[in-house]
Structures are given as C-alpha cells and as structure tokens.
Amino acid sequence: MIFQSKECIHGLPVWSVDTDTQTVKHIHPKTFETEEHKFFHDYIRYHLHYLEDEAPHKLQSLVDNGEIYQYLSDLDTKVFDAVDRQEELLKANDKELQAANERGDIVTAAAIANAYHAQARDMVFAVMIYTK
C-alpha cells in the first residue's frame, strides 16, 4: 500500500512510502528532484505492514510530516544494533558455545550462534517491530 503526504508539488505528493517495496520517495520542494530511498531489511517491511494494519494514522502522520525516512532509517539502525547486542549477551555465558569454540567445532558453534541470533531477533522484534 502507498501512503502519500497531503502536501503536493505539481500534483505529486512531497512524501510517500510504499509498504510493499519498502521505498520512501521525496520531491525536493526547491529543485523538484525526486529522491528515492529503499530499505532492504525484512524487519522494516514487517514494521511497515504492522503499522499499516494496526496504526495507519501513525504511518500517515509520519508521511505527512516528512518524518518517514528518518523514522525508518533510525529504526533500521536501532534494530540491527539491538539484535547484535542481545545476541552477544545470550552467547556470552553459554558454556557449550565456549567449549565448541575451544574444540574448534565450528559446526556446533555455528548452530548455537544461529539459534541465539534467532532468539535475539524474536526478543527485539517483539519490543521494537511489533509496536505502535
């Protein structure tokens, strides 16, 4: 779905976001040049669709106020960093992971690390992606 700002230039919205392609478009009011920004992480798509379903007024407000690009950019950085921090916290005290690393058992170490990554994503997503 495409959300467009109420403010237009030459009949085109100044700001828009396409929740399906994760694309933000902006028409610069002085130069009339169009800037297009795409987001590639799956969690941006999840959050956009969540807002689309649960808080479309918030999404429309972000677009109308010209805040959508900065909002998604900040979210992208914060979620990526939070997942990384949470994963490191989960791995820090795991004796089995430490033993696998000491043995050079990269298969077991990778399996444990992947499980912690998935767990960290679930924890962070519950707090940061699926919230209004």
Side-chain angles (χ1 to χ4, degrees):
M1 176 179 259
I2 298 175
F3 286 77
Q4 299 177 336
S5 63
K6 292 176 180 92
E7 182 182 359
C8 292
I9 296 177
H10 300 299
L12 297 172
V14 174
W15 287 95
S16 66
V17 63
D18 185 331
T19 60
D20 294 325
T21 63
Q22 302 162 228
T23 304
V24 174
K25 289 184 182 176
H26 171 62
I27 298 175
H28 195 279
K30 292 183 182 176
T31 64
F32 306 113
E33 291 185 23
T34 301
E35 300 171 1
E36 186 173 289
H37 305 279
K38 291 185 180 252
F39 292 88
F40 298 98
H41 288 114
D42 58 350
Y43 49 80
I44 297 296
R45 183 176 66 254
Y46 300 156
H47 186 65
L48 283 171
H49 285 293
Y50 176 80
L51 288 178
E52 180 180 44
D53 293 339
E54 301 295 327
H57 58 281
K58 177 179 179 174
L59 189 52
Q60 186 63 55
S61 177
L62 288 166
V63 173
D64 286 339
N65 295 331
E67 299 168 350
I68 189 65
Y69 174 72
Q70 191 62 51
Y71 175 82
L72 293 176
S73 183
D74 289 347
L75 181 68
D76 195 15
T77 301
K78 289 175 184 177
V79 170
F80 184 85
D81 291 346
V83 169
D84 190 50
R85 280 191 311 273
Q86 188 62 45
E87 182 180 349
E88 290 305 314
L89 287 172
L90 292 168
K91 293 187 323 189
N93 296 318
D94 188 291
K95 303 292 184 205
E96 188 178 348
L97 178 60
Q98 292 170 359
N101 282 329
E102 288 172 7
R103 289 190 311 270
D105 184 354
I106 60 173
V107 172
T108 300
I112 294 169
N114 287 341
Y116 280 138
H117 180 75
Q119 186 178 357
R121 277 177 56 101
D122 289 346
M123 295 167 76
V124 170
F125 282 23
V127 175
M128 297 179 78
I129 299 302
Y130 300 113
T131 59
K132 299 175 193 176

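Count residues from 1 along the sequence. All values reported here derive from a predicted model rather than from experimental measurement.
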Using the test salt bridge (charged side-chain N to carboxylate O under 4.0 Å, His left out), find all partners of [X] that sit at least two apart in sequence or belong to another chain.
X	result
D105	R103
K95	none
E88	K91
D64	K6

Side-chain heavy atoms of Y130 within contact of E54, under 4.5 Å: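 Side-chain contact under 4.5 Å: no.
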Do F125 and V79 come within less than 4.5 Å of each other through their side chains, counting heavy atoms only?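 Sidechains of V79 and F125: in contact.
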Does [X] have any side chain to side chain contact (heavy atoms under 4.5 Å, CB included) partners at least two apart in sequence or in another chain, and if so, which?
X	value
L72	V17, V24, F39, I44, L48, I68
L89	Q86
A55	L51, H57, K58, K132
A82	R85, V124, M128

Looking at [Y], is its backbone amide N or carbonyl O close enough to the side chain of [X] to form a donor-acceptor pair, meaning the two atoms are under 3.5 Å apart?
X	Y	value
T19	H49	no
H47	I129	yes
Q4	Q60	no

Could you give all pairs that pass the salt bridge (charged side-chain N to carboxylate O under 4.0 Å, His left out) test and reach residues 70-83, with sequence neighbours left out?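 Applying salt bridge (charged side-chain N to carboxylate O under 4.0 Å, His left out) to every pair that reaches into residues 70-83, excluding sequence neighbours, yields nothing.
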Give me each pair satisfying salt bridge (charged side-chain N to carboxylate O under 4.0 Å, His left out) with a member in residues 31-42, each pair once, sequence neighbours excluded.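 Non-adjacent pairs meeting salt bridge (charged side-chain N to carboxylate O under 4.0 Å, His left out): K25-E36, D42-R121.
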Identify the heavy atoms of [X] and [Y] that sit nearest to each other, and give their distance.
X	Y	value
S5	V63	N-CG1, 3.4 Å
I9	P29	CD1-CA, 3.4 Å
Q98	A92	NE2-O, 3.1 Å
A109	A100	N-CB, 3.9 Å

Grouping I, L, V, M, F, W and Y whenever their side-chain heavy atoms are under 4.5 Å apart, do I2 and Y71 come out in a common cluster?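 Each belongs to a different hydrophobic cluster.
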Transitively linked via ILVMFWY side-chain contacts under 4.5 Å: L59 with Y46?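 L59 and Y46: one cluster.
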Rounded to the nearest 0.5 Å, how far does CG of D18 lie from CE of M1?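 Reported value, rounded in 0.5 Å steps: 10.5 Å.
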Starting at SG of C8, measure out to CD1 of I27 and round the result to the nearest 0.5 Å.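 Result: 8.0 Å between the selected atoms.
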Is it the case that atom CD1 in I106 sees more than 12 heavy atoms from other parts of the structure closer than 6.0 Å?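 Incorrect, the count does not exceed 12.
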Evaluate whether atom CZ of F80 has more than 12 neighbouring non-hydrogen atoms of other residues, nucleotides or ligands under 6.0 angstrom away.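 No, because the 6.0 Å sphere around CZ of F80 holds 12 heavy atoms or fewer from other groups.
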Using the ring-ring contact (aromatic ring centres under 6.0 Å, His included) criterion, which residues pair with Y116? Sequence neighbours excluded.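 Result, ring-ring contact (aromatic ring centres under 6.0 Å, His included) vs Y116: none returned.
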Angle between ring planes, Y43 versus H41, binned at 30° and 60°: parallel, tilted or perpendicular?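 Rings of Y43 and H41: parallel, under 30°.
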Test of understanding: with side-chain hydrogen bond (donor to acceptor under 3.5 Å, both in side chains), list the residues that count as partners of T131, not counting sequence neighbours.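 Partners of T131 under the side-chain hydrogen bond (donor to acceptor under 3.5 Å, both in side chains) test: none.
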Stepwise ring-ring contact (aromatic ring centres under 6.0 Å, His included) test for H10 and F32: CA-CA 9 Å; H10 300 299; F32 306 113; 4.9 Å; yes
Hey, which of L90, V107, L97 is the one that makes side-chain contact (heavy atoms from CB on, under 4.5 Å) with I112?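 Between I112 and the candidates, side-chain contact (heavy atoms from CB on, under 4.5 Å) is satisfied uniquely by L97.
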